[in-house]
Peer 1: 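For reference, the structure I am asking about is given below.
Quick note: residue numbers are just sequence positions, from 1. Computed from heavy atoms alone, side chains included, the values below leave out hydrogens, waters and symmetry copies.
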Amino acid sequence: YAGIKLPRAYETPASTILRCAHLDIEGIAMDREVMRLRDMLSPKFAELVYNGFWFAPETDFLLAAIAKSQELIDGWVDVVCYKGATMAVARFSPMSLYDENIASMESVEVYSPEDAGGFIRINSIRLRAHREIIMNCPPERLSAFSKKNRELSGTYEAVINTNAATANDMVKPAQ
């Protein structure tokens, strides 16, 4: 690519520390599929910025996706700096996806060995945890899209039956 190049600063210790802390808090507060998408889009965003396309429509699209991915990222991280390296040593997020009851898999309501037979039910654990966070999150933290989904989720509760005979039997309105 041939374009106008500006002087760059590659040694940015403060940015390195902030990035370490931010990635660490994302690790406990960001859904794994959102994180995978973020990781796929990051190189393209870096390329666009490096090439000077800050005001391009594709950059606007990626900025909106990045903003959405950061909507529930909140908390604090303790970072230790030693001999040019940074390491996160403690973290807390009120929006953490970690739930001891789910992680232990001892709770019958959350995980049952029969769930392993169907990926729909296993994936729904992650999605139910996300929905719970959205429903308990203050509305002013959410984008317009999330607010609309929050309103709709209260009107229709899906019940998934993995033993259903037909697709119509799988999802029914809650009683």
Peer 1: So, Ser93 side chain and Ile25 main chain: donor-acceptor pair closer than 3.5 Å or not?
Peer 2: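 Side chain of Ser93 to backbone of Ile25: no pair is present.
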Peer 1: Is the side chain of Thr16 donor-acceptor paired with the backbone N or O of Thr12 at a distance under 3.5 Å, no angle test?
Peer 2: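 Indeed, once roles are kept as given, a pair shorter than 3.5 Å links the two residues.
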Peer 1: When you group the ILVMFWY residues by side-chain heavy-atom contacts below 4.5 Å and let the links chain together, are Phe61 and Phe45 in the same group?
Peer 2: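 Same hydrophobic cluster.
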Peer 1: Side-chain contact, heavy-atom cut-off 4.5 Å: Glu33 with Arg126?
Peer 2: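 Counting from C-beta outward, Glu33 and Arg126 do come under 4.5 Å.
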Peer 1: What's the separation between atom CG in Asp31 and atom CZ in Arg36, rounded to the nearest 0.5 Å?
Peer 2: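 CZ of Arg36 is found 9.5 Å from CG of Asp31.
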Peer 1: Give me the one residue out of Asp24, Ile17, Val89 that meets side chain to side chain contact (heavy atoms under 4.5 Å, CB included) with Val79.
Peer 2: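 Only one option passes, and that is Ile17.
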Peer 1: Which heavy-atom pair separates Trp54 from Thr59 by the least distance, and what is that distance?
Peer 2: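 Scanning both residues completely, I find the closest heavy atoms to be O-CG2, 3.4 Å.
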Peer 1: Roughly how far apart are Met135 CE and Arg128 CZ, rounded to 0.5 Å?
Peer 2: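 One finds 15.0 Å between CE of Met135 and CZ of Arg128.
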Peer 1: Could you grab the distance from atom CD1 of Ile66 to atom CG of Leu41, nearest 0.5 Å is fine?
Peer 2: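 Going from CD1 on Ile66 over to CG on Leu41, the span is 7.5 Å.
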Peer 1: Just by modelled atom types, is the Phe53 backbone N or O under 3.5 Å from a matching donor or acceptor in the Asn51 side chain?
Peer 2: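 Not confirmed, Asn51 side chain does not pair with Phe53 backbone.
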Peer 1: Please report the closest heavy-atom contact between Ala21 and Val77, naming both atoms and the distance.
Peer 2: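 That would be O-CG2, 3.4 Å.
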Peer 1: Identify the two heavy atoms, one from Ser69 and one from Ile73, that lie closest to each other, and give their separation to 0.1 Å.
Peer 2: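 For Ser69 and Ile73, the tightest heavy-atom pair comes out as O-CG1, 3.7 Å.
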Peer 1: Do Phe92 and Met30 share a hydrophobic cluster (ILVMFWY, side-chain heavy atoms under 4.5 Å, transitive)?
Peer 2: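 In one cluster with Phe92: Met30, no.
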Peer 1: Is Val34 reachable from Ile28 through a run of hydrophobic residues whose side-chain heavy atoms are each under 4.5 Å from the next?
Peer 2: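 Yes, because Ile28 and Val34 connect within a single hydrophobic cluster, where side-chain heavy atoms sit under 4.5 Å apart.
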Peer 1: Test of understanding: clusters of I, L, V, M, F, W, Y form through side-chain heavy atoms closer than 4.5 Å, transitively. Do Ile134 and Met95 belong to the same one?
Peer 2: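 Yes, because Ile134 and Met95 connect within a single hydrophobic cluster, where side-chain heavy atoms sit under 4.5 Å apart.
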Peer 1: For the pair His130 and Leu72, evaluate side-chain contact (heavy atoms from CB on, under 4.5 Å) and give the outcome as yes or no after the intermediate values.
Peer 2: CA-CA 10 Å; His130 177 72; Leu72 299 175; 3.9 Å; yes
Peer 1: Rounded to the nearest 0.5 Å, what separation is found between the CG atom of Leu62 and the OG atom of Ser42?
Peer 2: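 Atom-to-atom, Leu62:CG and Ser42:OG are 9.0 Å apart.
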Peer 1: Distance check, rounded to the nearest 0.5 Å: Leu63 atom CG versus Glu58 atom CD?
Peer 2: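 Interatomic distance, Leu63 CG to Glu58 CD, rounded to 0.5 Å: 11.0 Å.
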Peer 1: Under 4.5 Å between side-chain heavy atoms, hopping through other hydrophobics if needed: is there a path connecting Trp76 to Leu18?
Peer 2: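 Trp76 and Leu18: separate clusters.
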